[in-house]
Protein chains: 2
Amino acid sequence: MRKNKSAALRKPDILESYYQVLIQEGLEGTSISKIANRIGIHPSLIIHYFKNKENMKLELVDLLIEKYQSPAMINFDHIEDDEEHFNAIIDVLFSFKWNRTVDPGVHFGFYYLSLRNEQILARFRVMFKWLRDYLREKLIYFNDKGVIRVKDATQAADYMVTLMEGLEFHSQFLANGEHFDDFAQTARKVLVSALKNGDF
Amino acid sequence: MRKNKSAALRKPDILESYYQVLIQEGLEGTSISKIANRIGIHPSLIIHYFKNKENMKLELVDLLIEKYQSPAMINFDHIEDDEEHFNAIIDVLFSFKWNRTVDPGVHFGFYYLSLRNEQILARFRVMFKWLRDYLREKLIYFNDKGVIRVKDATQAADYMVTLMEGLEFHSQFLANGEHFDDFAQTARKVLVSALKNGDF
DNA sequence: GATTATTAACTGCATATTCAATTAAAATGA
DNA sequence: TCATTTTAATTGAATATGCAGTTAATAATC
């Protein structure tokens with residue numbers, strides 16, 4: 001007997017399936033059929049909900065960006081001591097957990113698509129700007145409190161994002177089976193030192 | 001009238017065409033037919049030379065890595081003054097020219113494939129290690145000469161590669177129409193400062 | 001009874017690859 | 001040097017497969 005779900009339930013199901021197939025098969029191995037089979041529905045149903053693959057792609061990008069922006073993860077405003085507060089934020093940014101909120105392969109794949117897809121590019125630009133601006137505000141705050149010494153908070157925040165993304169590369173190509181954290185802690189140390197020494 | 005070229009001439013032609021189609025159409029838009037049409041040959045001829053698409057892919061990766069490793073670009077051993085010598089190397093690493101020796105989109109695409117393709121991954125691992133080790137040797141030299149102060153040259157070299165790759169992200173997602181160089185110079189400054197301050 | 005969810009059957013297209021045939025170039029032998 | 005044989009380059013046609021998307025019908029839901 002066929003079970004009918006509402007769009008509100010079915011669409012997230014499809015996007016989750018899309019995400020899982022992407023993880024397993026990659027961009028080039030992901031088809032509407034596979035996404036549908038995985039959750040036991042007819043491929044046409046996906047077209048019914050998303051009209052075409054491109055729309056579905058954009059909706060998944062939006063979903064993953066939302067996931068990435070979950071503010072719970074980097075909000076430590078409850079910590080009163082400024083130095084501790086600062087360290088808590090930095091800790092998360094260079095943690096395995098943060099860098100793996102979304103499967104890095106999927107993120108990477110969409111980054112690649114953004115080179116040829118204006119709409120995806122625009123979304124990621126907004127996402128990175130959001131992160132950068134969030135960090136900038138924090139840096140300004142910690143600068144006022146005397147925890148760090150930065151003149152150009154925007155450049156410093158840009159640098160942090162740059163370093164974090166670079167760490168993805170490092171873990172893929174230069175980490176010799178070592179855990180993500182090992183080198184991340186070096187990068188973290190050097191960054192903090194630059195922030196405190198007034199290099200920005 | 002048909003002109004027969006030797007394999008030694010035809011294979012590079014095909015790889016060059018592959019490269020160009022990749023730049024214009026991306027991974028998903030690149031087919032054997034398009035590569036063949038672009039240089040006016042029959043698609044079967046490509047299969048004849050490479051046996052299948054996968055082999056051709058690997059041969060192109062090898063070719064691009066060779067291009068990337070052209071040592072001419074970062075060899076400044078002729079500069080006698082150590083400080084100048086050091087600056088010349090750093091300058092190139094953070095230059096637009098260096099970062100664009102191979103089309104970044106193509107590089108990026110192969111990085112992505114490396115997540116699901118062991119053979120491509122192995123090749124890029126070798127390439128990055130080559131770059132890292134090259135830099136490490138240089139850092140050890142400049143440390144001995146008193147130009148910089150590093151205890152762990154491997155970590156420092158890892159950090160340099162990480163930062164350089166992060167810059168690619170920055171220019172794609174955070175550079176607001178600014179030229180690549182603008183932020184690269186900030187990153188360069190902060191790195192040099194860390195190398196000289198003994199942060200590694 | 002109208003709207004929505006779902007499927008079935010189908011279309012057209014592009015794909016990588018195979019196979020056999022054809023043409024050109026190179027090697028050989030007189 | 002010329003004819004012959006061998007090898008390599010090239011094409012044409014065919015195959016099988018997978019793809020996104022269309023259209024029309026059926027089933028469930030409100």
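What you see is a predicted model; the values in this text were computed from it and never measured. First the proteins, then the strands, lettered A, B, ... as listed; each starts at 1. Side chains are part of it too, since the values below use all heavy atoms of this structure and drop only hydrogens, waters and symmetry mates.
- Taking a 6.0 Å sphere around NZ of B:K196, one finds it holds more than 12 heavy atoms contributed by other residues, nucleotides or ligands.
- Across the protein-nucleic acid pair, B:L9 atom CG and C:dA26 atom P stand 11 Å apart, rounded to whole Å.
- The cluster map of Ile, Leu, Val, Met, Phe, Trp and Tyr, joined by side-chain heavy atoms under 4.5 Å apart, puts B:V161 and B:V192 in the same cluster.
- In this structure, A:N55 places its CG atom 13 Å from C1' of D:dG21, rounding to the nearest Å.
- In A:K129, the NZ atom is crowded: over 12 heavy atoms of neighbouring residues, nucleotides or ligands sit closer than 6.0 Å.
- When rounded to the nearest whole Å, the span between CD1 of B:I41 and C1' of D:dA8 equals 15 Å.
- The side chain of A:S44 places no N or O atom within less than 4.0 Å of a non-bridging phosphate oxygen (OP1 or OP2) of C:dT7.
- Ring pair B:F108/B:Y111 is tilted by interplanar angle, where 30° to 60° counts as tilted.
- Between the side chains of A:E16 and A:Q20, at least one donor-acceptor pair of N or O atoms lies under 3.5 Å.
- Regarding B:N52, its CG atom lies at a distance of 9 Å from the C1' atom of C:dT17, rounded to whole Å.
- Between D:dA13, C:dT17, D:dA20, one nucleotide has an atom nearer to the side chain of A:I32 than all others, and that is D:dA20.
- For the contact set between residues 108-117 of chain A and DNA chain C, defined by any heavy atom under 4.0 Å, there are no members.
- Phosphate contact (OP1/OP2 of C:dT6, side-chain N/O of A:R10, threshold under 4.0 Å): present.
- Rounding to whole angstrom units, CG of residue B:D13 and P of D:dT10 are separated by 10 Å.
- Side-chain nitrogen and oxygen atoms of B:Y49 include at least one within less than 4.0 Å of the OP1 or OP2 phosphate oxygen of D:dT10.
- Taking atom CE of A:M56 as the reference point, atom P of D:dC19 lies 12 Å away to the nearest angstrom.
- For C:dT6, neither phosphate oxygen OP1 nor OP2 lies less than 4.0 angstrom from any side-chain nitrogen or oxygen of A:H42.
- Checking D:dC19, D:dT10, C:dT17 against every side-chain atom of B:I47, the shortest atom distance belongs to C:dT17.
- For the pair A:R100 and A:F180, the distance from NZ or CZ to the six-membered ring centre is under 6.0 Å and the angle to the ring normal is within 45 degrees.
- The same ILVMFWY cluster, assembled from side-chain heavy atoms under 4.5 Å apart, contains both A:V61 and A:W130.
- Residue B:H48 places at least one side-chain N or O closer than 4.0 Å to OP1 or OP2 of D:dA9.
- Between B:L27 atom CG and C:dA14 atom P the separation is 20 Å, expressed in whole Å.
- Rounded to an integer number of Å, the gap from B:N37 CG to D:dT10 C1' is 15 Å.
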